[in-house]
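Each remark here refers to the structure printed beneath this line.
For ligands, and for the atoms within them, numbers begin at 1 and follow the listed sequence. What you see is a predicted model, and the numbers here were worked out from it, not measured in a lab.
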Amino acid sequence: MASQTILQKLEILADAAKYDASCASSGTAKKNSLGGKGIGSTEGMGICHAYAPDGRCISLLKILLTNHCVFDCHYCVNRKSSNVARARFTPQEVVDLTLAFYRRNYIEGLFLSSGIVKSSNHTMEQIVEVARILREEHDFRGYIHLKTIPEADAEIVHQAGLYADRVSINVELPTDSGLTRLAPDKNAGQIEGAMGKVKADLVEAKDARKRFRHAPRFAPAGQSTQMIVGADAATDADIVGKASRLYDNFRLRRVYYSAFSPIPDASAVLPLKRPPLIREHRLYQSDWLMRFYGYKPTEVMQATEADGNLPLDIDPKLAWALKFRDAFPVDVNRASKEQLLRVPGLGVKAVHKILASRRHRNLRLDDVALLTQSITKVRPFICTVDWQPVTLTDRADLRRLLAPRTEQLELFAA
Ligand code: SF4
């Protein structure tokens with residue numbers, strides 16, 4: 001291979017990293033200042049956005065150390081049999097890039113993943129080396145998220161946690177059978193074993209810091225994982241069940257869902273079409289229902305349709321409410337917090353405001369309307385001093401009345 005410039009490597013390895021959703025990058029309109037017009041560029045290779053533990057949105061340099069890989073996961077553009085341009089950074093090159101971007105204020109941290117070269121241990125050691133040089137030789141205080149390799153020795157993964165703010169291990173697919181079929185070199189037991197070890201390290205480090213102020217930190221922003229949606233036959237009910245088990249067993253901060261996107265030179269075992277993006281969005285909404293709205297996984301599964309998938313035209317909270325109409329209407333002035341959190345269209349903040357305001361006075365429909373984007377969606381499920389839905393809650397065509405008319409995502413609906 002002719003020697004590549006850093007820029008050429010960056011182009012290849014930033015592009016190869018874009019399929020990983022587990023640092024939650026956000027989209028933006030394409031603009032650039034090439035040709036001397038204007039300042040700055042939103043097409044900068046490898047910059048993504050993520051949320052820091054304190055809730056700030058931060059920019060990260062998101063790259064792979066290399067896209068060479070000895071594994072052959074069918075859904076992955078970097079798999080051994082894929083015919084893509086390859087590149088490989090040295091740890092020092094990643095360090096230099098990170099520092100250069102950081103000093104120019106382009107980024108506040110690094111998200112580093114890698115294909116597997118030589119062996120899992122060798123690759124993991126290289127990833128750790130990047131973080132070690134940054135932290136120890138340059139006193140780098142920015143955010144570091146390291147993707148760890150479940151097949152690597154636990155001791156090397158542990159080292160990663162000592163340098164990184166967050167570590168993640170991808171479970172890849174929602175079912176063990178899907179993993180066996182689409183990622184034949186990977187093993188579900190090994191992946192969950194590695195997540196279990198990281199959890200044990202997190203717990204141990206937290207306990208140690210309670211006792212000794214200077215005990216080393218271990219991944220203070222916790223661990224996360226990513227599941228690919230739509231590459232196999234797993235239903236949303238399967239995915240919700242898997243996510244809930246992962247949260248319970250491994251104290252994950254986040255499960256990320258990534259809609260499978262067809263890749264160049266795709267393997268014949270993969271679907272030809274990507275699942276609708278709205279499916280990924282519905283799964284994120286269901287995740288929020290479990291994490292912030294008090295729904296049990298079985299309840300979210302009850303919101304699925306006969307094929308085991310969440311409806312695409314309405315959000316899962318509304319789907320649940322339409323199926324369990326006997327739980328409504330709830331009296332906004334008397335209902336418990338748990339009951340209010342189940343009202344479609346009322347978010348967590350709105351519920352807290354209702355609880356605070358009703359201590360001083362009885363709320364009317366107009367008061368609730370000020371707290372929601374769509375009082376039309378809320379009305380069938382609540383009573384106030386001046387509103388009773390009467391027969392509205394039981395109308396056979398209620399779903400049609402409440403389903404959004406356009407295809408637009410309801411990004412902020414609860
Ligand atoms: S291990 Fe699998 S998913 Fe990871 S880079 Fe290699 S082929 Fe892709």
Side-chain angles (χ1 to χ4, degrees), residues 9-23 25 46 48 62-89 91 94 110-128 130 145-153 156-157 160 167-195 198 223-232 234 242 255-271 274:
K9 291 186 191 182
L10 182 60
E11 206 168 327
I12 293 170
L13 294 172
D15 190 64
K18 74 184 178 197
Y19 295 96
D20 201 312
S22 54
C23 79
S25 44
C48 78
K62 178 180 177 182
I63 49 172
L64 300 188
L65 190 63
T66 177
N67 65 342
H68 289 277
C69 193
V70 294
F71 282 15
D72 208 31
C73 309
H74 288 284
Y75 49 82
C76 178
V77 71
N78 303 317
R79 70 190 189 283
K80 182 171 62 180
S81 58
S82 172
N83 184 24
V84 289
R86 306 278 178 175
R88 182 173 175 178
F89 280 130
V94 176
L110 170 70
F111 173 93
L112 184 64
S113 182
S114 183
I116 298 170
V117 272
K118 289 191 192 166
S119 68
S120 301
N121 280 351
H122 171 78
T123 311
M124 199 63 234
E125 280 164 1
Q126 300 267 298
I127 291 174
V128 171
V130 172
H145 179 161
L146 296 181
K147 186 54 63 86
T148 59
I149 300 172
E151 296 79 17
D153 285 352
I156 314 176
V157 175
V167 292
S168 55
I169 299 172
N170 285 354
V171 291
E172 309 289 7
L173 291 151
T175 61
D176 291 358
S177 57
L179 190 76
T180 309
R181 201 165 74 90
L182 297 180
D185 304 299
K186 298 200 174 195
N187 176 289
Q190 209 163 22
I191 293 172
E192 296 206 359
M195 291 169 99
V198 169
Q223 68 167 326
S224 60
T225 193
Q226 170 180 289
M227 249 190 279
I228 299 165
V229 174
D232 64 355
K242 176 82 175 189
V255 175
Y256 291 93
Y257 306 95
S258 174
F260 156 75
S261 53
I263 48 175
D265 250 346
S267 152
V269 296
L270 291 172
R274 67 174 296 155

Below 4.5 Å, heavy atoms only, C-beta onward: do Val84 and Arg86 meet side chain to side chain? yes

Are any non-hydrogen side-chain atoms of Glu151 and Lys186 less than 4.5 angstrom apart? yes

Separation between CD (Glu125) and CD1 (Ile156), nearest 0.5 Å, reads 4.0 Å

Give every protein N, O or S atom lying under 2.8 Å from atom 8 (Fe) of ligand 1, naming each by residue and atom. Cys76 SG

Any Val130 side-chain heavy atom under 4.5 Å of Leu110 side chain: yes

Heavy atom of the protein closest to atom 4 (Fe) of ligand 1 (residue, atom name, distance): Lys186 NZ, 4.0 Å

So do Thr225 and Ile191 actually touch side chain to side chain, heavy atoms under 4.5 Å? no

Indicate yes or no for a side-chain donor-acceptor contact from Ser168 to the backbone of Lys147 under 3.5 Å, with no hydrogens or angles considered. no

